[in-house]
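Written out below as structure tokens is the structure these notes cover.
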Amino acid sequence: MLTKQTLDQKYQIDILAEQAGGYCAAPSEREMEYTDLLFSICAEHGIRYYSATKTERCFVEELARKAWEERENERVEL
């Protein structure tokens, strides 16, 4: 039989997840595709996303959004 202390230790992850607002899940394939697109656009423009200025981030995010939208439209048309 498990003791209260053992149970508390075992379910600590549940307590931490609840405090953080829930569990996180691995990104979906589509989310990974978008991330790859975003970082390829960053590379094209010589921007390192995590050290970019707010203006640079907005720029590449908008380019990625437009490119993603175009891809989605192409998929629908097929």
Side-chain angles (χ1 to χ4, degrees):
M1 177 174 246
L2 297 174
T3 66
K4 180 176 177 357
Q5 182 180 8
T6 305
L7 284 173
D8 287 345
Q9 290 173 346
K10 185 175 180 179
Y11 295 111
Q12 183 65 32
I13 188 73
D14 294 326
I15 294 166
L16 293 172
E18 185 178 325
Q19 291 171 349
Y23 290 96
C24 63
S28 70
E29 186 175 323
R30 290 179 52 78
E31 290 170 325
M32 290 304 298
E33 285 177 29
Y34 180 82
T35 302
D36 290 342
L37 173 65
L38 175 65
F39 286 120
S40 70
I41 290 171
C42 286
E44 287 175 23
H45 294 279
I47 294 172
R48 301 189 80 185
Y49 187 81
Y50 292 109
S51 61
T53 65
K54 185 175 180 178
T55 302
E56 290 170 329
R57 281 188 183 191
C58 288
F59 173 71
V60 293
E61 287 169 356
E62 182 62 15
L63 290 176
R65 186 190 67 77
K66 292 293 286 179
W68 185 257
E69 188 176 280
E70 289 172 9
R71 280 189 186 183
E72 291 299 299
N73 289 338
E74 288 174 6
R75 286 182 185 175
V76 171
E77 292 174 3
L78 297 177

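Just so it is clear, the values below take in all heavy atoms, side chains as well, and ignore hydrogens, waters and symmetry mates. All figures in this text were calculated on a predicted structure; none of them were measured in a lab.
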Show the nearest heavy-atom pair for residues [X] and [Y], with the distance to one decimal.
X     : Y     : value
Val60 : Cys42 : CG2-SG, 3.8 Å
Ala64 : Leu37 : O-CD2, 3.7 Å
Met32 : Pro27 : SD-CG, 3.6 Å

Side chain to side chain donor-acceptor pair (under 3.5 Å) against Ser28, all qualifying residues, sequence neighbours excluded: Glu31
Using the side chain to side chain donor-acceptor pair (under 3.5 Å) criterion, which residues pair with Arg65? Sequence neighbours excluded. Glu62, Glu69
Reported [atom1]-to-[atom2] distance for the pair [X] and [Y], which is rounded to 0.5 angstrom:
X     : Y     : atom1 : atom2 : answer
Thr53 : Ile47 : OG1   : CD1   : 7.5 Å
Arg71 : Arg30 : CZ    : CZ    : 10.5 Å
Ile41 : Phe59 : CD1   : CZ    : 9.0 Å

Is the ring pair Trp68/Tyr34 parallel, tilted or perpendicular, if the boundaries are 30 and 60 degrees? perpendicular
Pair listing, salt bridge (Lys or Arg N to Asp or Glu O under 4.0 Å) test, anchored in residues 33-49, at least two apart: Glu33-Arg75
